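As a basis for the values below, the full set of heavy atoms in this structure was taken, side chains included, without hydrogen atoms, waters or symmetry mates. Whatever order the structure lists ligands and atoms in, that order sets their numbers, starting from 1. Position 1 is the first residue of the sequence, and the numbers go up from there. Model, not experiment: these values are computed from the prediction.
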Amino acid sequence: MRRGMRAGDADAFDFIIVGAGSAGCVLANRLTASGRHRVLLLEAGPGNRHPWLHIPLGYGKLFTDRRFNWCYATEPQPGCHDRNVIAPRGKVLGGSSSINGLIYIRGQAEDFDHWRQLGNAGWSFADVLPYFRKAEDNGRGADDFHGAGGPLAVSDLRDRHPLAQAFVAAATQCGHPRNDDFNGAAQEGAGFYQTTMRNGVRASTAAGYLKDARRRPNLKVVARALATGIVFDGRRAIGVDYVVGNQTRRARADAEVIVASGAFNSPQLLQLSGVGPAALLQSHGIAIVADMPGVGEGLSDHYAARLIFRCREPITLNDAVRGWGGKLRHGAHYMLTRRGFLAIPAISAGCFLRAHPASATPDSQCSLALHSADNIGGDLHPFPGVTGVCVLLRPESRGYLRIKSADPRDAPAIHPNYLATLRDCETIVAGVNAMRRIFRAPALAPHIAEELEPGAPCDNDAELLDFIRRRGSTVYHPVSTCRMGQDANAVVDARLRVRGLAGLRVVDASIMPTVVSGNTNAATIMIGEKAADMILADAKGAVAAAAA
Ligand SMILES: Cc1cc2nc3c(=O)[nH]c(=O)nc-3n(C[C@H](O)[C@H](O)[C@H](O)COP(=O)(O)OP(=O)(O)OC[C@H]3O[C@@H](n4cnc5c(N)ncnc54)[C@H](O)[C@@H]3O)c2cc1C
């Protein structure tokens, strides 16, 4: 028995979930619904009462707020002029769903069919669609692709800003089809995003899944609790060590420990607990429970180019919140109506397009943000401005996540290895060229005074790539560090059980075999929904087997 755990010296539960994020809150709700299972939910961050966690515009405020954000940064990235790229992650009930950009995009059907082709039974689009629908409470109502009545509020933007309308019209002028539902029959084309909000208020998983479930007597939620290690009995996970303030505690899991700490912290916790590449663990003096070379390897993330435009009319967010007068006026408007700039997500309108000639489905997500700044999370420009964001949807480049020390409080080394392959570079340059054409199309061009970044001197592909490397960043979608699969480097099987160990699963964005071609919150919530069904079915099977 590792670290001397004795029966009776800990709180005892059936399931311990580590991390109350997008997936963790789903699990906490679904695993406690029957009343049969005792569940402990541990969250390193605090509760989610702060108003900026509920007002959509708070997204911009939370980038650098260490109260609710781990505020990580990558290692120097060779593909980005050796810059440390910011890597925010939610550290609060709701996890990253409490600080994210509120965009509801699932990815393409082909993404999930590809997961199935890789050998992951039960993960084709046909298999996962019921879980997307189960989660959803779409303001448009239910149809073949959408659900109504689920815990996750999804809604259309109540206001369509004139510049967002111009962006969509310009994209159609460039030949892209108009698309009224990016999560419907096809993703390709231009349109307005649906968002995870209801009546102008953020719909995090803490709000949708946890708020009501917290009243159940069989769910215990401990916030500000940092899990420091998984406790093993041989190769079975039997509990979790965690710290709250200066207090060290241990809890026992009679059925399973479920790691749902996100794509950075899940592999970190496994490595700290002795599950990971043997040489790495030994170099930090950690006793090996299982030599698993794949834990932390294969990190994939969405890199993006951001183009900045000065606008002609003072109708952007930059103008709305300039000075106290503007702040008060828009604040009051929001308080009274739950509309206006405070109810606008990170991006308003978008276009999924095929930029690389070899791509069969959209490889680029081009979007309009109604603000501009020199740096992400920095002060907005003192003039009317918007940002064009072009995301490389299916990166080939892969990196890793590795602990830097045996101390759970130390940030791990995060190396997404952005823009490391020729195809990635070709695709993002082609995507930016396509987005520039949209900004120059007749419907949008009259609103644009000037392209400030990269600007006029940057007119060939080599210069554009250099700009993208120099000024680009992530859209915060790290995945694949505890990849699902059957090969030697896969960490979990198709039921999300850690391979070769008992009583241990990983359930969050880290299990994605490849990143979905879109934003990652919806797919992570789907993973939580599907995992809950599998966990409950396995628990039932175990009881039946014991009784037989
Ligand atoms: C700034 C930002 C903007 C984004 N915008 C969008 C968007 O617009 N649309 C979209 O679809 N996706 C977006 N994403 C991505 C999306 O939100 C994430 O992919 C998704 O939330 C990941 O869910 P998760 O469950 O894997 O991890 P998380 O939601 O990050 O949850 C992990 C939780 O585990 C906790 N935790 C970690 N380690 C420990 C530990 N040792 N002990 C206890 N608790 C621990 C964390 O504090 C956190 O609460 C964005 C993300 C960020 C950061």
Is it true that [X] and [Y] have a side-chain N and a carboxylate O under 4.0 angstrom from each other?
| X | Y | value |
| --- | --- | --- |
| D533 | K134 | yes |
| R499 | D493 | no |
| R339 | D159 | yes |
| R106 | E136 | yes |

Which bit of [X] is near ligand 1, meaning a heavy atom under 4.0 Å away: side chain, backbone, both or neither?
| X | value |
| --- | --- |
| Y242 | neither |
| S97 | backbone |
| A260 | backbone |
| N519 | both |
| E43 | both |
| N265 | side chain |
| Y104 | neither |
| V92 | backbone |
| L102 | backbone |

Pairs where residues 505-516 contributes a residue and the test side-chain hydrogen bond (donor to acceptor under 3.5 Å, both in side chains) is met, not counting sequence neighbours
W115-T514, E256-R505, S266-D508, R505-D538, D508-S510

Indicate, with yes or no, if the rings of F182 and Y193 have centres closer together than 6.0 Å.
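When the ring centroids of F182 and Y193 are compared, they turn out to be within the sub-6.0 Å range.
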
Using the rule side-chain hydrogen bond (donor to acceptor under 3.5 Å, both in side chains), only one of K220, R38, R252 pairs with D11; which is it?
K220

Does Y476 have any ring-ring contact (aromatic ring centres under 6.0 Å, His included) partners at least two apart in sequence or in another chain, and if so, which?
F63

[X] near ligand 1 by a heavy-atom separation under 4.0 Å:
| X | answer |
| --- | --- |
| I105 | no |
| P88 | yes |
| F264 | no |

Determine whether more than 12 heavy atoms belonging to other residues, nucleotides or ligands lie under 6.0 Å from atom CZ of R249.
yes

Restricting to heavy atoms, the pick from G60, A227, G45, S266 nearest atom 40 (C) of ligand 1 would be A227

For atom 26 (O) of ligand 1, state which one of G21, A509, S98 supplies the nearest heavy atom.
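Looking at heavy atoms only, A509 sits closest to atom 26 (O) of ligand 1.
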
Check: E297 side chain, P277 main-chain N or O, donor-acceptor pair, under 3.5 Å
no

Purely on distance, is any nitrogen or oxygen of K91 under 3.5 Å from one on ligand 1?
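No, K91 has no N/O under 3.5 Å of an N/O on ligand 1.
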
